[in-house]
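Reviewing the structure listed below.
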Amino acid sequence: GDLATYLNLTIEEGTGGTFGDCTGFTLENIIESGTTLAGFDTTHTNYATGAGVWDPASTPVWKTYRVTVALDAATPDVEQGESVTAAPFTWEVES
């Protein structure tokens, strides 16, 4: 199926929170919003087309990322039972 085209993606950058728990997360930057998982995968394919603006030379030297995926209400019934088996995210910093 085409399920990834119906999964709306939001990626937020900030501080606070822990793995699996966004309690205390403070938003600093919205990296991606208004695109689908499929669209993000097509648009951001390497370092040159990567997403995000954080400069690791800045303070603090760590960031927290909150990734939200939501099923579009307009998803057709034919997508029931479908899955996305690969959604790789690669985190890379170059200096």
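All of these numbers come straight from a predicted model, not from anything done at the bench.
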- With rounding to the nearest 0.5 Å, note down the distance linking OG1 in T5 to CG in D41. 12.0 Å
- Which atom names give the shortest non-hydrogen contact between A51 and I31, and what distance separates them? CB-CG2, 3.5 Å
- Note on the structure: In this structure, CD of E32 is separated from CG of L37 (nearest 0.5 Å) by 10.5 Å
- Sequence-distant partners of T75, side chain to side chain contact (heavy atoms under 4.5 Å, CB included), two or more places apart: Y6, L71, D72, E79
- Task: Inspect the contact between E28 and K63 and indicate whether a charged nitrogen and a carboxylate oxygen are less than 4.0 angstrom apart.
- Result: yes
- Task: May I have the step-by-step check of side-chain contact (heavy atoms from CB on, under 4.5 Å) for N8 and V69, ending in yes or no?
- Result: CA-CA 6 Å; N8 298 317; V69 179; over 6 Å; no
- Message: Quick check on the hydrophobic clustering: are L7 and I30 connected, directly or via other members, by side-chain heavy-atom contacts under 4.5 Å?
- Response: no
- Would you check if R66 and E13 make a side-chain contact, meaning some heavy-atom pair closer than 4.5 Å? no
- Message: Quick check on the hydrophobic clustering: are F25 and Y65 connected, directly or via other members, by side-chain heavy-atom contacts under 4.5 Å?
- Response: no
- Message: Give me the atom names and distance for the closest heavy-atom approach of T10 to S33.
- Response: OG1-OG, 4.1 Å
- Query: Taking the side chain from T64 and the backbone from G16, do they hold a donor-acceptor pair closer than 3.5 Å?
  - Reply: yes
- I11, L27: one ILVMFWY side-chain cluster at the under-4.5 Å cut-off? no
- Ring centres under 6.0 angstrom apart (F40, F89): yes
- Message: Would you say that T43 contacts T49 through its side chain, given a criterion of any heavy-atom pair below 4.5 Å between the two side chains?
- Response: no
